[in-house]
Amino acid sequence: MNNKNVSNSFQVFLKEAPEHSKAWMEAVQKLDTACSLDEKTEEIAYIAVLAAVELESGIPFHVKRAKELGASREDIKSAVLLGLPAGGNKVIKALSIALNAFDEV
């Protein structure tokens, strides 16, 4: 895994708990296989979920992946703010994290 865009917390998880992280990554891969969404849509939906549940540490990784798959800056904004009616203001704090990640080279 390219660790450049992975949060510090997840890097510690990968390093300190290799068996757990291996099991986790296998589960993630199986869930990806089971998902009928295309990769870009899946990443955008996941960004919306991360913002809604306030798991901001994963947002930069998934924003950069969505960008690689062709998501626009407007797509990222829409994903973060998608949860606004249900989650309220808590999704707004994810907006700057997401856009900063998108704007990084």
Side-chain angles (χ1 to χ4, degrees):
M1 171 181 276
N2 176 4
N3 290 345
K4 180 179 147 199
N5 297 323
V6 176
S7 72
N8 186 52
S9 298
F10 204 79
Q11 289 183 43
V12 170
F13 173 60
L14 293 171
K15 180 181 175 188
E16 297 295 333
E19 290 301 317
H20 290 82
S21 63
K22 180 181 174 191
W24 178 254
M25 295 307 292
E26 288 172 359
V28 167
Q29 288 173 347
K30 288 178 181 174
L31 289 168
D32 282 346
T33 300
C35 184
S36 66
L37 299 174
D38 64 78
E39 282 186 79
K40 182 177 122 181
T41 303
E42 188 178 346
E43 287 293 342
I44 289 171
Y46 199 63
I47 291 164
V49 171
L50 291 173
V53 298
E54 300 180 274
L55 287 175
E56 289 94 358
S57 66
I59 288 175
F61 175 85
H62 290 283
V63 165
K64 290 174 182 176
R65 181 70 184 132
K67 185 177 178 180
E68 289 171 2
L69 295 167
S72 69
R73 200 170 192 273
E74 289 302 312
D75 292 336
I76 301 304
K77 275 194 234 178
S78 294
V80 170
L81 298 176
L82 188 64
L84 192 56
N89 289 345
K90 68 183 183 181
V91 301
I92 293 172
K93 69 181 180 181
L95 188 59
S96 64
I97 296 167
L99 294 178
N100 286 339
F102 187 89
D103 292 339
E104 287 179 4
V105 176

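The structure presented is a predicted model; accordingly, all values stated were derived computationally and were not measured. Heavy atoms only: backbone and side chains are in, while hydrogens, waters and symmetry mates are out.
- With a 4.5 Å cut-off on side-chain heavy atoms, Glu39 and Asp32 do not count as touching.
- Scanning all heavy atoms of the two residues, the minimum distance from Lys90 to Ala52 falls at CE-O, 2.9 Å.
- We find the NZ-CD1 distance between Lys93 and Ile59 to be 9.5 Å, quoted to the nearest 0.5 Å.
- Pairing each heavy atom of Arg73 with each of Phe102, the nearest pair is N-CZ, 3.3 Å.
- Contact check on Glu68 versus Arg65 returns a salt bridge, with a Lys/Arg side-chain nitrogen under 4.0 Å from an Asp/Glu carboxylate oxygen.
- Counting heavy atoms from C-beta on, the side chains of Glu54 and Glu56 come closer than 4.5 Å.
- Nearest heavy-atom pair across Phe10 and Met25 is CZ-SD, 4.0 Å.
- Atom NZ of Lys22 is surrounded by 12 or fewer heavy atoms from other residues, nucleotides or ligands within 6.0 Å.
- Between Leu55 atom CG and Tyr46 atom OH the span is 7.0 Å, to the nearest 0.5 Å.
- No side-chain heavy atom of Leu95 sits less than 4.5 Å from a side-chain heavy atom of Val91.
- When all heavy atoms of Ala51 and Ala94 are compared, the closest pair comes out as CB-CB, 3.7 Å.
- Here CG of Asp38 is found 8.5 Å from CD of Glu42. Values are rounded to the nearest 0.5 Å.
- Taken together through direct or relayed side-chain contacts under 4.5 Å among Ile, Leu, Val, Met, Phe, Trp and Tyr, Leu31 and Leu50 form parts of separate hydrophobic clusters.
- The side-chain contact (heavy atoms from CB on, under 4.5 Å) search around Ser72 returns Glu74, Asp75, not counting sequence neighbours.
- No continuous path of ILVMFWY side-chain contacts below 4.5 Å connects Leu82 to Ile47, so the two sit in separate hydrophobic clusters.
- A salt bridge does not link Lys67 to Glu43: none of the charged side-chain nitrogens sits closer than 4.0 Å to a carboxylate oxygen.
- Interatomic distance, CG of Leu84 versus CG of Asn89, reported as 7.0 Å (0.5 Å rounding).
- For the residue pair Phe61 and Val6, the shortest heavy atom distance occurs at CD1-CG2, 4.0 Å.
- The CD1 atom of Ile44 sits 8.5 Å away from atom OG of Ser78, with the distance rounded to the nearest 0.5 Å.
- Between the Thr41 side chain and the Leu37 main chain, no donor and acceptor come within less than 3.5 Å of each other.
- Of all non-hydrogen atoms in Ala98 and Ile76, the two that sit nearest each other are CB-CG2, 3.7 Å.
- Val63 and Leu69 are assigned to two separate hydrophobic clusters, defined by single-linkage of ILVMFWY side chains at heavy-atom distances under 4.5 Å.
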